[in-house]
Asker: 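This is the structure I have questions about; it appears just below.
Atoms within each ligand, like the ligands themselves, are counted from 1 in listed order. Just so it is clear, the values below take in all heavy atoms, side chains as well, and ignore hydrogens, waters and symmetry mates. None of the values given here were measured: they were computed from a predicted structure.
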Amino acid sequence: MKQSAIYPGTFDPFTNGHLDVLERALNIFEEVTVVIAENSQKSALFSIEERLAMIREVIRDYKGVDVKVLKSGLLADYARQLGAKAIVRGVRQVKDFEYEFQMSLLNRHLYPEVTTVFLMPNVKYTYVASSIIREVAMLGGDVSKFVHPCVLKMLDKKLEQRHDHKS
Ligand code: PNS
């Protein structure tokens, strides 16, 4: 049986740090499904459809990757529905751990057959988080080293729309 995993996140936007984790996951699992989900603690810059389009573009040349959207409900239920036995999460710093630890144990409580696998991205992505990329990009800063060109384009478009809206 093929070993498959899901890689959930809000991906607002999808960064090169996310891609690094995805590539590492593909070294372990035959199939990885990126799952775009909402985090009730965050408000998003990109719509679900925009994030779906950007991730589809980023993973276009990758084999064994798929992208899906969890519109509502629990990730654990979705993982069960997809038959995924592993949830991949990237951890960059020690401060990520507390939240990840809670989520992993809760997901295990809800779906005992699932195991969360933590992967560390390349150290050059230690400080790359979607939130800071969003902030820098919306203030006109250069984030081209941290995102795929198609994500950069979409960020530029958002910035333009903001300016148009204000003027
Ligand atoms: O990229 P993020 O924001 O750290 O990802 C968090 C995410 C989306 C994976 C988490 O909020 C999630 O699983 N949301 C779906 C709803 C759910 O199952 N919540 C309970 C998690 S224990």
Asker: Quick one: look at Leu110 and ligand 1, take heavy-atom pairs under 4.0 Å, and tell me if it's side chain, backbone, both or neither.
Answerer: neither
Asker: What protein heavy atom sits nearest atom 20 (C) of ligand 1, and how far away is it?
Answerer: Leu74 CD2, 4.1 Å
Asker: Among protein heavy atoms, which sits nearest to atom 6 (C) of ligand 1, and what does the distance come to when rounded to 0.1 Å?
Answerer: Tyr99 OH, 3.4 Å
Asker: For atom 16 (C) of ligand 1, what's the nearest protein heavy atom and its distance?
Answerer: Gly73 O, 3.7 Å
Asker: Tell me which protein heavy atom sits closest to atom 18 (O) of ligand 1, plus the residue, atom name and distance to 0.1 Å.
Answerer: Leu75 N, 2.8 Å
Asker: When you measure from atom 4 (O) of ligand 1 to each heavy atom in Met103, Arg89, Arg108, Gln41, which option holds the nearest one?
Answerer: Arg89
Asker: Other residues, nucleotides and ligands only: do more than 12 of their heavy atoms fall within 6.0 Å of CG on Leu110?
Answerer: yes
Asker: If you count heavy atoms of other groups shown closer than 6.0 angstrom to CZ of Arg24, is the number above 12?
Answerer: yes
Asker: Determine the interplanar angle of the Phe11 and Phe14 rings, folded into 0 to 90°, and report it as parallel if under 30°, tilted if 30 to 60°, perpendicular if over 60°.
Answerer: tilted
Asker: For Lys157, is there an ion pair with Glu160 - N to carboxylate O distance below 4.0 angstrom?
Answerer: no
Asker: Specify the protein heavy atom at minimum distance from atom 1 (O) of ligand 1: its residue, its atom name, and the distance to 0.1 Å.
Answerer: Thr10 N, 3.0 Å
Asker: Could you tell me if Tyr127 and Gln93 have a donor-acceptor pair between their side chains, going purely by distance under 3.5 Å?
Answerer: no
Asker: Which protein heavy atom lies closest to atom 14 (N) of ligand 1, and at what distance to 0.1 Å?
Answerer: Glu38 O, 3.3 Å
Asker: Pairs of nitrogen or oxygen atoms closer than 3.5 Å, one from Lys42 and one from ligand 1: do any exist?
Answerer: yes
Asker: For the pair Asn16 (side chain) and Lys145 (backbone), establish whether a donor and an acceptor sit closer than 3.5 Å, ignoring hydrogens and angles.
Answerer: yes
Asker: Which residue owns the protein heavy atom closest to atom 8 (C) of ligand 1, what's the atom, and how far is it?
Answerer: Ala37 CB, 3.7 Å
Asker: For Asn107, is at least one N or O under 3.5 Å away from an N or O on ligand 1?
Answerer: no
Asker: When you check the gap from the basic side-chain N to the acidic O, do Arg80 and Asp77 get nearer than 4.0 Å?
Answerer: yes
Asker: Counting N and O atoms only, with roles assigned by atom type, does the side chain of Thr115 sit under 3.5 Å from a partner on the main chain of Ala86, one being a donor and the other an acceptor?
Answerer: no
